[in-house]
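First the proteins, then the strands, lettered A, B, ... as listed; each starts at 1. Since we're looking at a predicted model, the values are computed, not measured. Excluded from the calculations below are hydrogen atoms, water molecules and symmetry mates; all remaining heavy atoms, backbone and side chain alike, are included.
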Number of protein chains: 2
Amino acid sequence: MKETPWLDERELDAWLAYLTASHLLERRIEEQLKADSGLTHDQYEILVRLSSAPGRAMRMTELARMVVVSKSGLTYQVGGLEKKGLVERTSCPSDDRGVMAVLTDEGTRCLERTAPGHLAVVRAYLIDHCDPDELTTMTRIMRKAATAMGAFPPTSA
Amino acid sequence: MKETPWLDERELDAWLAYLTASHLLERRIEEQLKADSGLTHDQYEILVRLSSAPGRAMRMTELARMVVVSKSGLTYQVGGLEKKGLVERTSCPSDDRGVMAVLTDEGTRCLERTAPGHLAVVRAYLIDHCDPDELTTMTRIMRKAATAMGAFPPTSA
DNA sequence: CTATGGTGGTTCAAATTCGAACCAAAGGAG
DNA sequence: CTCCTTTGGTTCGAATTTGAACCACCATAG
């Protein structure tokens, strides 16, 4: 058991800046999406992931891993999306206990309608503050971090 | 009203990497803190902010801004901390409707006991993946973002 | 075929979250 | 001094969240 690897001043600055920015950003995003389209950030993310999946469909568990939400949380959110008619549940052909979440046409339209406002926020508060080098660096850091925490390995299928 | 400023591939990569990493990190932190000390991440943050405040005390509203949580959320969390004896509420001498949250000695000890494990997570999953340049860049980006979203301006008092 | 262990999803209870409504007190205006 | 608007905090109700318990089904070993 060795001594505590405390954070030095530079590290602490970085951590506090990150912490504050990420919390504020999440709040702004949530707020904008709710006001603009009645969607949760998680729900929006679900639509995004589905829209770029083959057949606009995905297994519940994989979807949960992508969006980084608990299984029960996903069940709940997909339930809401289903009620809005943006997503449908179908049974998985290859596995009877599996459930596929499928993006409906209505869901696609909703996403297309909602994306601009959402992206405007992401840009305004984060992306547009980065020059190309900074963007590259951030991507590199975040990828390393995500990998270290066991994010879905690239093309897990 | 101009065309949607869609994200190009590099920007999208950056955003997705950030999104995944930040969600995973938050989850890991929450999990570690809960298991290791029964604290919420918000509660931990409250202790941290109080510990570095003059007199280890702070007004509720200012604390809420620092931790980036709603006023009602802060009331709730401070309530929990009070029940654990880590924080006390005292009335504000200069403003009768104000409430000061004060860190107790027990709270200080709890923080000292809890910090190492927490920082180990922050290091393992984020900070230690950054070389000095990357750390500087991340700090710069996050500061700009935080400022753009109206984070407490430096030394708002 | 049948027992067994593991995985996919949903359900359930408990904890949190946020915003809106609300009360108390501060700060000015007249 | 009194009225009115603003600010600090708490309370309340509704929406979400998560982990644990649970059921159905695949898969592998006998």
Notebook entry, point to check: Do D105(B) and R56(B) pass the salt bridge (Lys or Arg N to Asp or Glu O under 4.0 Å) test, and can you show the C-alpha distance, the side-chain angles, and the key distance before you say yes or no?
Noted result: CA-CA 10 Å; D105(B) 293 339; R56(B) 303 192 310 181; 2.9 Å; yes
Note to self: Return the OG1 to CD distance between T40(A) and Q77(A), rounded to the nearest 0.5 Å.
What the structure shows: 4.5 Å
Checklist line | N-O pairing of R97(A) and D95(A) below 4.0 Å | finding: yes
Margin query: Reading DNA chain C in the 5' to 3' direction, which nucleotide is the first one with an atom under 4.0 Å from a heavy atom of chain A, and which is the last?
Written below: dG6(C) to dC18(C)
Margin query: Both D95(B) and D96(A) contact DNA chain D. Taking the nearest nucleotide for each, which residue is further toward the 5' end?
Written below: D95(B)
Check: Any side-chain heavy atom of L135(A) sitting closer than 4.5 Å to one from I141(B)?
Finding: no
Next item on the list: Using atom types as modelled and distance alone, determine if a side-chain donor or acceptor of E30(B) lies under 3.5 Å from a backbone N or O of R27(B).
Entry: no
Check: Checking H129(A) side chain against A124(A) main chain: does a donor-acceptor pair fall under 3.5 Å?
Finding: yes
Check: In terms of side-chain heavy atoms, does R10(B) have a donor or acceptor partner in T136(A) at a distance below 3.5 Å?
Finding: yes
Note to self: I'd like to compare against my own output: the B/S/- annotation of nucleotides 13-24 of chain D with a strict under-4.0 Å heavy-atom distance to protein.
What the structure shows: --SSBBB-----
Notebook entry, point to check: Who pairs with H41(A) by side-chain hydrogen bond (donor to acceptor under 3.5 Å, both in side chains), at least two apart in sequence or on another chain?
Noted result: E26(A)
Checklist line | Within residues 51-61 of chain B: residues closer than 4.0 Å to DNA chain D (heavy atoms) | finding: R59(B), M60(B), T61(B)
Check: For DNA chain C, what dot-bracket results from Watson-Crick or G-U pairs at under 3.5 Å, with [ ] for crossers and | for inter-strand partners?
Finding: ||||||||||||||||||||||||||||||
Item checked: Residue pairs involving residues 66-85 of chain A (criterion salt bridge (Lys or Arg N to Asp or Glu O under 4.0 Å); sequence neighbours excluded) -> E82(A)-R89(A)
Check: Is any NZ, NE, NH1 or NH2 atom of the basic residue among R123(B) and E11(A) found under 4.0 Å from an Asp or Glu carboxylate oxygen of the other?
Finding: yes
Next item on the list: Verify, without hydrogens or angle tests, whether T104(A) (side chain) and G85(A) (backbone) share a donor-acceptor contact under 3.5 angstrom.
Entry: yes
Next item on the list: Taking all non-hydrogen atoms of both residues into account, name the closest pair between M142(B) and M142(A) and its distance.
Entry: CE-CE, 4.2 Å
